[in-house]
2 protein chains.
Amino acid sequence: MGRARGRSQKGEDTRLLLYQTAVQLFAERGYEQTTMRDIAAEAGVSVGLLYRYFPNKSAVVLALYDALSADYAERMVTLAPGAWATRAMAALETSLEVLGPHRAALAALSAELVSTSGHGLFAEPTAFSRARVQRAFADAVAGADDAPDGELCAALGRQLYVAHLAVILWWLLDKSPAQRATSRLLGLLRLAAGGLGPMLLLLPGARAAVMQIDEVVTDALL
Amino acid sequence: MGRARGRSQKGEDTRLLLYQTAVQLFAERGYEQTTMRDIAAEAGVSVGLLYRYFPNKSAVVLALYDALSADYAERMVTLAPGAWATRAMAALETSLEVLGPHRAALAALSAELVSTSGHGLFAEPTAFSRARVQRAFADAVAGADDAPDGELCAALGRQLYVAHLAVILWWLLDKSPAQRATSRLLGLLRLAAGGLGPMLLLLPGARAAVMQIDEVVTDALL
DNA sequence: CTATAAAAATGAACATGTTCATCTCATTGA
DNA sequence: TCAATGAGATGAACATGTTCATTTTTATAG
């Protein structure tokens, strides 16, 4: 009997069931109001099993982030050509579009962004999705009409990645109705990107400045 | 028998004992590794009593932040005269000097800065110390030789306050040895404050830009 | 001095994230 | 067919933040 599928798929089915149940509950009641026991019960499964597939509670929300970052990377391959500043802004806006529908479920992400202990967005298990998003930003700059040379490209990509994390944090903390403050912030940034962006790298000392900032960024976070 | 002190001081004594014990343990083992039971036991007291004086664990670290912010405000009254950008930088650096010796104990502050739920640095119980620090930044700008008019002053003060929170967050997350990345960051900022600062507000549209940003900041956070 | 009410203090119990010894069952090799 | 094996699954137990009914202490009124 059995085993119609490629290889023991039972486990993957269970993981998916647990994942979907969890995401649904997070969306309905929020992260903190959702108990690991709730998730297990709703899925008709024991708590222990939940921990077989997700090492801890934050891993569940990080799995959601991972799925969304894959979605994001997919969207980014069709990024319209243009100046690097414009493409970077588009990359930023796309990231919020992708995360947008799951803001309630992602509320815990701000804690993960900032977690100093083992797990968190800067820990090992999330290295893959982090690298994926980082690459998307690097490509946004590298694929621009006015792309600077490789070294500068890489540094700019890293800084844009960090800026994108900052914007996401801002968006998560934004208390204004429908996060309109974040929309306005993006409007201001779009203006700046259109106005200052094109000439920014032509300023004397711009390269030195970018490289200095890059050192600070990589030293502190990466 | 009795009551040698002004009024029932027993409670305050106990609170102080608990506070000092907690801060010491946080410094020794870090916030997460210190249990409420640890604190109570070390102080020779029951858990329940600890909760009589601190509504929750984060309140203890927020009490430390409150004490440090009082210290900070005290130091800020002797801020040297000069340009607003220079004074703002000094304010920023002073804040890190004050927090510096307690970085280990304050590790949990990053979570508080970002907490969306009831407690946290943006919640009611911390309103007082938050206002105190905000005022320090406002005064740093308002007391400058080249202080702009009141409206602009207030807006700049608020933005500097938010920037200061961002720098603290960065410093808490900084993984580089002895947080040298943060030192470098401050160096770059100092350079920028010295170079661009004085002429920044003279640029056309500078006022409009600051006021726009102010709207975003107050709408999102305050 | 005693009764009493308010403040201080206690410790058991609860909620929830997490771990672990144990059990069940499907697949596989003989 | 059947024993063996390992993945899948279980639920009790643990750790820690938090609450609360209760007891003890202290200060004061009578």
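Side chains included, hydrogens not; waters and symmetry mates left out as well; all remaining heavy atoms used. None of the values given here were measured: they were computed from a predicted structure. We name chains A, B, ... by the order of the sequence lines, and we start the count at 1 in each one.
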From the options dT10(C), dG8(D), dG11(D), select the nucleotide whose nearest atom is closest to the side chain of Ser46(A).
-> dG11(D)
Could you give the CG-to-P distance, from Leu49(B) to dT24(D), as a whole number of Å?
-> 16 Å
Intra- and inter-strand pairing of DNA chain C, written as dot-bracket with Watson-Crick and G-U pairs under 3.5 Å and | for the latter, reads ||||||||||||||||||||||||||||||
Quick one: which protein N/O atoms are closer than 3.5 Å to N/O atoms of nucleotides 16-19 of chain D? Pair and distance per line, please.
from: dG17(D); atom 1: OP1; to: Lys57(B); atom 2: NZ; distance (Å): 2.9
from: dG17(D); atom 1: OP2; to: Met36(B); atom 2: N; distance (Å): 2.8
from: dG17(D); atom 1: N7; to: Arg37(B); atom 2: NH1; distance (Å): 2.8
from: dG17(D); atom 1: O6; to: Arg37(B); atom 2: NH2; distance (Å): 2.7
from: dT18(D); atom 1: OP2; to: Tyr51(B); atom 2: OH; distance (Å): 3.1
from: dT18(D); atom 1: OP2; to: Lys57(B); atom 2: N; distance (Å): 2.8
from: dT18(D); atom 1: O5'; to: Tyr51(B); atom 2: OH; distance (Å): 3.4

So what does Tyr53(B) hit on the nucleic acid, given a heavy-atom distance under 4.0 Å: a base, only sugar-phosphate, or nothing?
-> sugar-phosphate
Short side-chain N/O contact from Thr14(A) to OP1 or OP2 of dA9(D), under 4.0 Å = yes
Side chain to side chain donor-acceptor pair (under 3.5 Å) partners for Arg29(B), two or more places apart | Asp38(B)
Hey, can you pull the donor-acceptor pairs under 3.5 Å for the side chains in residues 69-76 of chain B, sequence neighbours left out?
from: Ser69(B); atom 1: OG; to: Asp66(B); atom 2: O; distance (Å): 3.0
from: Ser69(B); atom 1: OG; to: Arg132(B); atom 2: NE; distance (Å): 3.4
from: Ser69(B); atom 1: OG; to: Arg132(B); atom 2: NH2; distance (Å): 2.9
from: Tyr72(B); atom 1: OH; to: Ala91(B); atom 2: O; distance (Å): 3.0
from: Arg75(B); atom 1: NH1; to: Glu97(B); atom 2: OE1; distance (Å): 3.2

Report yes or no: is the cationic atom of Lys57(B) (NZ for Lys, CZ for Arg) under 6.0 Å from the centre of the six-membered ring of Tyr31(B), at an angle within 45° of the ring normal?
-> yes
Partner set under side chain to side chain donor-acceptor pair (under 3.5 Å) for Glu215(A), not counting sequence neighbours = Arg184(B)
By salt bridge (Lys or Arg N to Asp or Glu O under 4.0 Å), which residues pair with Arg180(B), not counting sequence neighbours?
-> Asp219(A)
Excluding sequence neighbours, so at least two apart, what forms ring-ring contact (aromatic ring centres under 6.0 Å, His included) with His102(A)?
-> none
Please identify each residue that fulfils side chain to side chain donor-acceptor pair (under 3.5 Å) with Glu151(A), with sequence neighbours left out.
-> Arg207(A)
Check whether any side-chain nitrogen or oxygen of Arg52(B) sits under 4.0 Å from OP1 or OP2 of dA9(C), and answer yes or no.
-> no
Can you name the side chain to side chain donor-acceptor pair (under 3.5 Å) partners of Glu32(B), sequence neighbours left out?
-> none
